Amino acid sequence: MSPFAGRRIVLGVTGGIAAYKAVEICRRLVEAGAHVTPVLTEAARRFVGEVTFSALAGERARLSLFEDEDPIPHITLGRRAELILVCPATARAIGAYAAGLCDDLLGATLLATRAPVVVCPAMHTEMWEHPATGDNLRRLTERGVTVVAPEEGPLAGGDVGAGRLAAPESILATAAEALAASGAAAGSMAGLRVLVTAGGTREPIDPVRFVGNRSSGKQGYALAVEAAARGAKVTLVATVQRPLPESVGPESVDLVLVETAEEMRTALADRLPADVVLMAAAVADYRPAAAVPEKMKKTGEPLTVTLEPNPDILAELGRSGSVGTLVGFAAETSDVLANAEAKLRTKGADLIVVNDVSAPRSGFDHDTNAVTILAAAGDRTTIPLAAKRDVARAILDRVTALRASR
Ligand code: CTP
């Protein structure tokens, strides 16, 4: 069966001469059984009329955020799409997408979607080689967008060089791969009870001060959102409140806010047994032995705060036998893999996800992460620097593979 049969694809066409080639892509997608909604930018319409796309797609080409029957066309299109294919993508369209600009229907749809996005650049060599274009494409790939690199060949105006739209075969093959990858993941955790922890615990010294750490909770939230997208019933026990995407309703992610390690431990214990526990939280190893009930006043003298050890929640879960698949995390700054190996052994986890928090753009508060997943069985998977949502995908793929192998 065709990989496109019955799939809902938004075909974004932007304003370059290669827009005429998008007509062929549209035709071939429709022939392969896809439901294609063409979305044309203003500039695209100067190259190819919308009637051409509407006739081929059998569906009205969409042109505007404001002159549409649907009052929120970008949200409807973004939610319904299983894939967005931007073909051709001009340097302007790539820059706008990288910057998150949504001043037209295509830009807004790209921001509103959770579907995979494939971008096919086409432009003159000078523009393709400009550092701004390279920077913008890097930002997009870091966020998980797939780029079909252009080829060398004849360009508009009789020039020859890099920047010519990739061949339809490679565009369609990449689109099919992106659809297959997202389709395989969807529903792969259906019915599983998943507990995720996120953020750094705060251990009070007095009513206004605490012992804490630099964890932002972003990786834990990304795991919760991705597990929910795969059909899991997720409880997210977090120390920080962050926005959850609209696609994630309260019925798929139950958010429980806690502050201290002790509260996190209780919140988890109350919700066991679980099929999967992902301990992404940075749990403070120590807490002040006694929190002072009123704000401490400065005396000008040195202050000693006695800290006592917190329970090791992950190790307790490892011993409890009430977790199907237990995933621990390790934030390290030196001897990264050796320390992670030791944690894998001592904590009873099935997987340890380790990151070097001193590496650039990795770990605390960044939107990107680079990790290695160590399995108790001995294998290692390295995920190079990627958006935290993509790192979450890789971790959950590994969890699913591990569960399937048992
Ligand atoms: N963890 C936990 N309870 C603690 C400390 C850590 O459950 N009191 C969990 C974290 O959520 C993480 C894993 O254990 O999944 C490893 O955390 P990390 O801080 O890297 O390791 P520690 O065990 O605290 O060891 P160290 O600080 O000595 O590196």
Side-chain angles (χ1 to χ4, degrees), residues 194-204 210-224 227 234-240 256-272 274 276-289 307-359 362-365 369-376 383 388 391-392 395-396 398-399 402:
V194 175
L195 301 179
V196 185
T197 63
T201 63
R202 294 176 165 197
E203 312 294 336
F210 58 84
V211 175
N213 60 67
R214 295 158 66 97
S215 171
S216 63
K218 287 179 182 173
Q219 187 63 73
Y221 267 72
L223 282 161
V234 180
T235 301
L236 174 58
V237 180
T239 60
V240 281
V256 180
L257 288 171
V258 296
E259 270 206 12
T260 63
E262 201 56 61
E263 288 169 14
M264 184 172 279
R265 179 201 209 186
T266 307
L268 292 170
D270 287 349
R271 289 164 179 82
L272 291 175
V276 180
V277 175
L278 300 146
M279 277 296 297
V283 183
D285 289 329
Y286 293 92
R287 64 178 169 222
L307 301 178
E308 63 181 17
N310 260 330
D312 189 322
I313 305 172
L314 180 63
E316 285 182 359
L317 291 171
R319 287 191 294 269
S320 73
S322 42
V323 179
T325 307
L326 182 60
V327 183
F329 289 72
E332 305 291 347
T333 54
S334 62
D335 298 328
V336 174
L337 290 178
N339 283 331
E341 291 280 4
K343 284 178 190 170
L344 192 57
R345 279 195 305 276
T346 55
K347 303 223 185 198
D350 298 291
L351 301 173
I352 288 278
V353 181
V354 59
N355 64 350
D356 179 349
V357 285
S358 61
S362 183
F364 297 139
D365 211 28
N369 214 354
V371 305
T372 300
I373 307 172
L374 284 74
I383 318 297
K388 284 189 169 168
V391 173
I395 294 169
L396 296 184
R398 190 67 195 79
V399 167
L402 182 65

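Just so you know, ligand 1 is whichever comes first in the structure, and atom 1 is the first atom listed for that ligand. Heavy-atom basis, side chains included; hydrogens, waters and symmetry copies ignored. As the structure is a computational prediction, the values presented were derived from the model and not from experiment.
- When each atom of ligand 1 is checked for a heavy atom of A330 under 4.0 Å away, the hits are 20 (O).
- Using a 4.5 Å heavy-atom cutoff, the side chains of P311 and R287 are in contact.
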Working for side chain to side chain contact (heavy atoms under 4.5 Å, CB included), residues V323 and L195: CA-CA 10 Å; V323 179; L195 301 179; over 6 Å; no
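- For T197 (side chain) and A280 (main-chain N/O), a donor-acceptor pair under 3.5 Å exists by modelled atom type.
- Using 4.0 Å as the threshold, A331 has a heavy atom nearer than that to some atom of ligand 1.
- Atoms of ligand 1 lying under 4.0 Å from any heavy atom of G328, numbered from 1 in the order shown and given with element: 15 (O).
- The closest donor-acceptor contact from the side chain of T325 to the backbone of V276 lies at 3.5 Å or more, if one exists at all.
- Test V327, L278, I383 against V353 for side chain to side chain contact (heavy atoms under 4.5 Å, CB included) and you get one pass: V327.
- Considering backbone and side-chain N/O of A280, none are found under 3.5 Å from N/O of ligand 1.
- No salt bridge links R214 with D365; every basic N to acidic carboxylate O contact stays at or beyond 4.0 Å.
- Looking at E203, its side chain never comes within 3.5 Å of a backbone N or O of Y286 through a donor-acceptor pair.
- Less than 4.0 angstrom separates some heavy atom of L314 from each of these atoms of ligand 1: 2 (C), 7 (O), 9 (C), 13 (C), 14 (O), 15 (O).
- Atom 28 (O) of ligand 1 lies below 4.0 Å from none of the non-hydrogen atoms of the protein.
- Ligand 1 places these atoms under 4.0 Å from at least one heavy atom of A281: 10 (C), 11 (O).
- Below 4.0 Å from some heavy atom of I313 lie the following atoms of ligand 1, by number and element: 2 (C), 3 (N), 7 (O).
- Closest to atom 12 (C) of ligand 1 among all protein heavy atoms lies F329 O, 2.9 Å.
- For atom 19 (O) of ligand 1, the nearest protein heavy atom lies 4.0 Å away or farther.
- The main-chain N or O of G200 is found under 3.5 Å from a side-chain atom of T239 such that the two form a donor-acceptor pair.
- At a 4.0 Å heavy-atom cut-off, ligand 1 touches P311 through the backbone alone.
- Among all protein heavy atoms, the one lying closest to atom 24 (O) of ligand 1 is D285 OD1, 2.8 Å.
- Closest heavy-atom approach to atom 14 (O) of ligand 1 within the set K347, M279, K343: this belongs to K347.
- For the pair N355 (side chain) and A370 (backbone), a donor-acceptor distance under 3.5 Å is absent.
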